Amino acid sequence: MQENTTASPTPKQTQKSSKANEKGFSLFTLFKFADGVDIFLMVFGSIYAIANGLAQPVMALLFGGVVDTFSTADYQHMPQDILRVSIKLLYLAAGAGIAAQMHSC
């Protein structure tokens, strides 16, 4: 009877060999098969995602303008000032809504 001389690999050896078989890839390899339309959509979506992300800090600045209007002692011009800032907030909301829809591309 002949004895089996090949020992089965230990778990550490199998783990090392499986890691050696795995190949890593760079970020640019991910875009290797992207054509012009794909690249355009990624750039387009990224620009609108940035615009959508900027909406919240701009809203905080505009809301600060509303709070500053309440803190002034000039009660004669307060409604006009609040209306002016409110219209800016309305434009911001419309722009943020459009940016949110466009960045979903």
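Just so it is clear, the model here is predicted, and its values are computed rather than measured.
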*Asks:* Looking only at heavy atoms, which two atoms of Gln76 and Gln80 are closest? And how far apart?
*Replies:*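 So the two residues come closest at O-OE1, 3.3 Å.
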
*Asks:* Might you point out which heavy atoms bring Leu62 and Leu89 nearest each other, and give the distance in Å?
*Replies:* CB-CD2, 3.7 Å

*Asks:* Using the salt bridge (Lys or Arg N to Asp or Glu O under 4.0 Å) rule, collect all pairs that involve residues 44-61, keeping only residues at least two apart or in two chains.
*Replies:*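 Sorted pair list comes back empty.
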
*Asks:* With salt bridge (Lys or Arg N to Asp or Glu O under 4.0 Å) as the rule and sequence neighbours excluded, what pairs involving residues 30-55 come up?
*Replies:* none

*Asks:* For Asp81, give me all partners under side-chain hydrogen bond (donor to acceptor under 3.5 Å, both in side chains), at least two apart in sequence or on another chain.
*Replies:*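 Expected list: Arg84.
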
*Asks:* If hydrophobic clusters are built from ILVMFWY residues whose side chains come within less than 4.5 Å, do Leu83 and Met78 share one?
*Replies:* no

*Asks:* Side chain to side chain contact (heavy atoms under 4.5 Å, CB included) with Val67: which residues, sequence neighbours excluded?
*Replies:* Phe63

*Asks:* Quick one: ring pair (Phe, Tyr, Trp, His ring centres under 6.0 Å) partners of Phe40, sequence neighbours excluded?
*Replies:*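 Scan of Phe40 (ring pair (Phe, Tyr, Trp, His ring centres under 6.0 Å), adjacent residues dropped) gives Phe44.
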
*Asks:* Show every salt bridge (Lys or Arg N to Asp or Glu O under 4.0 Å) that has at least one partner inside residues 46-62, sequence neighbours left out.
*Replies:*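 Found none.
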
*Asks:* Identify each donor-acceptor pair in which a side-chain atom of residues 46-61 lies under 3.5 Å from a protein atom, sequence neighbours left out, and give them as a table.
*Replies:*
{"from": "Ser46", "atom 1": "OG", "to": "Met42", "atom 2": "O", "distance (Å)": "2.7"}

*Asks:* For the atom pair CD1 (Ile82) and CG (Asp68), what is the distance rounded to the nearest 0.5 Å?
*Replies:* 11.5 Å

